[in-house]
Every structure is written in structure tokens, then in C-alpha cells.
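Values in this document were obtained by computation on a predicted structure and should not be read as measured data.
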Amino acid sequence: MTQYNQPYPDSIYAKTRNDLTIKKFGAEELIVENCVIGGGLAGINSALALLNNDRRPVALLEANQIGWGASGRNGGFVSSGYALGIKDIIKKTNLEHAKLLHGLTTSALGLIKQRIKDHNIDCGPVVQGNLTASLWDNSKKIQDNIDFLNKNFDENLIYWDKEKVRKHYKTTAYHCGVFDDSAFHLHPLNLTLGLAGAVIDKGGYIFDNSPALDIKKQHGKIIIKCNGGRIIADNVIIACSGYIENLYPKICRATLPITTYVMVTEPLGKGGLSEITDKNYSVIDQRISCDYYRPLPDGSTRIIWGGRITAFPAKPENIANIMRQNMLRIYPQLSHIKIDYSWSGIMGYAAHKMPLICQLDENIWVNTCFGGHGLATTTVGGEVIAKAICGNDKDLQLFKPFKLNFAGGKLGPIAAQAYYFANYLKDELNIWRSN
């Protein structure tokens, strides 16, 4: 069901968001060089990259509020890599190709921090460090993978054995882990709003509560119908992700909307927080339907906990209990803790689990499907698309093997749910064997 002019979900991010005044699109006609559709990180990074390359004017349309979708609802993790594992990327391409793709994401980490500094974006504190924890004993495989990534992809990953993991995380669930000191976490909605403010400061137009209703080509121009008026552009960049619905059929058919869930605990108190960990790193486990969490770095002693993947959304009233049970599986000592916030959100996935970054048609560009990738890849997409529009498509060609494959239509969610369930059972078997 199409959702327009919706308020933010009742989340800790929405409650603590920074102010940014945005207007609806109200003109009869606006002529620009580039029009971006989608006010999440992919769209805003596209607009900002175009402005930084002096391709103006730029207009951006958002159907609801800036960061209303996945960009303002996620765990706030920023790390290198893609949702598709690096060895699967190598199988699809080759080692050198995979190195170039991975390098784009490592460069994005520095670019995000630089933009936060340059535009004085209050989205922190930005906290360095992520632990990928293993729920079963596969230490040899993990160490081999660390060696491979450190050697071939200039990573600096560190192996944590069971003793070290359990010293810092008070649970018997974890058997070992991988520490990444280049990863960090932050307030994703405030990052999105801050980058939108940078677009406005650079002279870009941003319109919220202004859905793009139709896109068509006419006399070499792109006509975008919106709010009783229209935008005429030389290029359009479509960055709508899981909420694209029927806006552009070719992209809709290649996008699988997947729901994930997040909750935030009540304040644990310093003593309560120490019952979990003495670190402020973000944590994620290696399962396909993983848990991820982090202490909020605002001094509140709350834990934000996310995870679970479903093709069919759970009822809103059930989310808190579902996520609470996930937390208690890892930390049963928190059984007395209440949940203050819970919400869900839809991410767009491509069938191959890589983002869709490409030129779809003459003057029509795609920058979407960042589900499961973390926040760095949306920056990559914006830079790659902007460079291509400026005439340099070298990086764009790296994504050519990952096409807009059919995602299954109405049967897609059923197939996805079956896939996730089969892998869930496989993961549970691995956990059972280790215990």
C-alpha cells in the first residue's frame, strides 16, 4: 500500500532527531539538470555528490520525511564490504575486481567522517569498533578468513578467542569473534538529516512529503510528476529502495522488500550495562538472521537491539516481545529489563544481494537496494552515480555484473522466506553442535 506524507515511526532516532526545515514541492514546473527520487542516504548522497561535482541545479523528492525509510530506522552501523560475502563476489567476478569493489567501501568510511566534520553534522558521538561474534565454534575458518581479508583487501581485522570475547561480553553464547577497528556506529537519522542540510546549503532543492507519481521521457527530457506540478530534468536518479512499489516497473521487479526489526531498552543504569559489556563497540553475529546491537553512546545506558529478517512483516504489537526474546537468548540476566521503543522497517534487496548501481536507460540512473550493506555503501552509490553522470563511468562498470535480475514478483517474498528459514535451521544446527 502506497504510503505518502507519513510521520516518522516512534523510534529513539525520531525522538532525538535534529531539526531540519523542508518544504513540499509546490511549483507548477521546476527545471533542473538532475532530479533524485528518494530522501534516504542513497538519494541524498547522490544529490550531494552531484553538487560537489558542480552538476546543478539538483532537486530531490521524498514521499514522506527525510530519512523516513530504512536510512532513519537502522542499527547505525558503518563498515566496509557488502551484504554479499567477499568470496561470493570473487566467484561472480575475480579477485582484482573484488578488490576494487571493496576499496570503494573502505574509501567511503573516510568520506563519511570527513563530511560529518566539514558540515558539522551532529550524529554522534561517533563510536569506533565492531565485533562480529560467532555463536558456534568455527575458529579455524574465521582465522583463515581474517588472514585472507587482511592480506588481499588491506583490512586490519583481529581475531578474538573465546576467552577474550567472554571477558568483555558477559554471555556464554559467543565462541569467538572478529574485531574491526575501522567500523563505527552513529545516529543514522541525524546523519541523513545532516547530509540533507548540506545539500540545501550547497544550493540543492529538497522537497519532503512530495512523492514522485510518474516518470516519463519526452523530447529528450525526463518528466517527473509531483504534487500537481512537475520537474523537468536531464537526468533522474531513482533511489527509493524497499518503498519503491510501482513507481518504475523495471526497478520494482528487481527489488525484494524485506522487513527487519529494532528495539531500544529502558535505561539499564551503569551497573546494569556492566552486566552485558565493558565495551561500547557495536556487535553483530554471523547468522543469516543475525542479531546486532550497541550501547547508545548518549549516556542513557540503553541498548539498541536489532535483527531478524522476514519477508512478511510481524504485527507492530508483537515486535518488542520478539526482539526481547532474541536479546534474552544472549543475555538472560536482562530478563527484568523493559522495552521502551520498538519498530520495523523495510529494506530493498536485490536477488544477488549486491546494490543496484547502474544506468538503466538513457538519462535514467539507479542507486538502490542497500539492504544488509550498512551505511557506507549508500555513499559509494552516490559517488559512483555522480561520476558516471559527469562522464567517468569506470567505477560504475564494476557493478555491471550485478544486474536488475527479476526478484520473483508476488512469489519473491515466499521464496525469500523459505531461503531464510532453511538457513536459520542450518545456523541453529551449528549452534546446537557447539553446545
Side-chain angles (χ1 to χ4, degrees), residues 1-9 24-25 35-44 46 59-74 192 206-217 222-231 233 236-261 309-316 343-353 355-358 360-361 364-373 378 381 403-417:
M1 181 179 177
T2 302
Q3 300 182 77
Y4 300 147
N5 306 315
Q6 295 291 309
Y8 290 110
K24 271 188 177 183
F25 180 73
C35 179
V36 181
I37 301 175
L41 283 166
I44 289 166
S46 300
L60 182 146
L61 296 171
E62 163 57 39
N64 295 292
Q65 299 185 71
I66 296 302
W68 177 86
S71 294
R73 305 187 190 200
N74 61 74
T192 309
I206 292 186
F207 306 103
D208 67 3
N209 295 309
S210 302
L213 303 174
D214 183 56
I215 303 170
K216 64 182 179 181
K217 299 184 72 171
I222 311 296
I223 312 297
I224 302 98
K225 180 182 176 184
C226 175
N227 281 7
R230 64 179 189 170
I231 293 178
V236 62
I237 301 97
I238 302 173
C240 304
S241 198
Y243 295 95
I244 187 170
E245 297 190 358
N246 298 314
L247 179 62
Y248 204 87
K250 286 184 181 179
I251 305 173
C252 301
R253 288 193 292 266
T255 302
L256 184 63
I258 295 295
T259 303
T260 62
Y261 306 90
I309 300 173
T310 64
F312 303 98
K315 294 180 179 179
W343 65 91
S344 65
I346 296 175
M347 303 183 298
Y349 276 81
H352 45 58
K353 296 200 289 187
L356 298 177
I357 303 173
C358 64
L360 184 59
D361 201 348
I364 297 177
W365 307 82
V366 182
N367 187 27
T368 188
C369 286
F370 292 97
H373 296 276
T378 57
K403 303 180 185 298
L404 276 75
N405 299 332
F406 180 54
K410 292 182 178 180
L411 296 178
I414 297 173
Q417 194 65 56

Do Ile44 and Leu60 pass the side chain to side chain contact (heavy atoms under 4.5 Å, CB included) test, and can you show the C-alpha distance, the side-chain angles, and the key distance before you say yes or no?
CA-CA 8 Å; Ile44 289 166; Leu60 182 146; 4.0 Å; yes

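- The CZ atom of Arg230 sits 14.5 Å away from the CD1 atom of Ile215 when rounded to the nearest 0.5 Å.
- The shortest heavy-atom contact between Asn64 and Asp208 is O-CB, 3.3 Å.
- For Thr310, the side-chain hydrogen bond (donor to acceptor under 3.5 Å, both in side chains) test picks out Tyr261, with sequence neighbours left out.
- When all heavy atoms are compared, the tightest approach of Thr192 to Gly40 is CG2-C, 4.2 Å.
- Under the side chain to side chain contact (heavy atoms under 4.5 Å, CB included) criterion, Ile346 pairs with Tyr243, Pro257, Thr259, not counting sequence neighbours.
- Leu247 is listed as a side-chain neighbour of Cys240, based on a closest heavy-atom distance under 4.5 Å.
- Side-chain contact between Gln65 and Pro7 is present, with heavy atoms from C-beta onward closer than 4.5 Å.
- Scanning both residues, Val236 and Ile37, for their nearest heavy atoms gives CG2-CD1, 3.7 Å.
- Nearest heavy-atom pair across Ala233 and Ile224 is CB-CD1, 4.3 Å.
- Between the Asp214 side chain and the Lys225 main chain, no donor and acceptor come within less than 3.5 Å of each other.
- Residues satisfying the ring pair (Phe, Tyr, Trp, His ring centres under 6.0 Å) criterion with Tyr349, sequence neighbours excluded, are absent altogether.
- Put simply, OG on Ser46 and CG on Asn367 are 4.0 Å apart, with the number rounded to the nearest 0.5 Å.
- Residues passing the side-chain hydrogen bond (donor to acceptor under 3.5 Å, both in side chains) test with Trp365 are Asn235, sequence neighbours excluded.
- With sequence neighbours excluded, the residues that form a side chain to side chain contact (heavy atoms under 4.5 Å, CB included) with Lys24 are Asn5, Asn209, Ser210, Asn227.
- Atom-to-atom distance recorded for Ile223:CD1 and Cys35:SG is 10.5 Å, nearest 0.5 angstrom.
- When all heavy atoms are compared, the tightest approach of Arg73 to Trp68 is NE-O, 2.8 Å.
- Without hydrogens or angle criteria, Thr378 side chain to Ala42 main chain gives no donor-acceptor distance under 3.5 Å.
- For Leu360, the side chain to side chain contact (heavy atoms under 4.5 Å, CB included) criterion is met by Tyr248, Lys250, Ile251, Ile364, Val366, Leu404, not counting sequence neighbours.
- Under the side chain to side chain contact (heavy atoms under 4.5 Å, CB included) criterion, Cys369 pairs with Thr255, Ala350, Leu356, sequence neighbours left out.
- For the pair Leu61 and Cys226, the tightest heavy-atom approach, listed with the atom from each and the gap, is CD2-SG, 3.8 Å.
- Annotation: side chain of Ser241 is not in contact with side chain of Phe370 (no heavy-atom distance under 4.5 Å).
- Remark: Ser71 engages no residue in a side-chain hydrogen bond (donor to acceptor under 3.5 Å, both in side chains) (not counting sequence neighbours).
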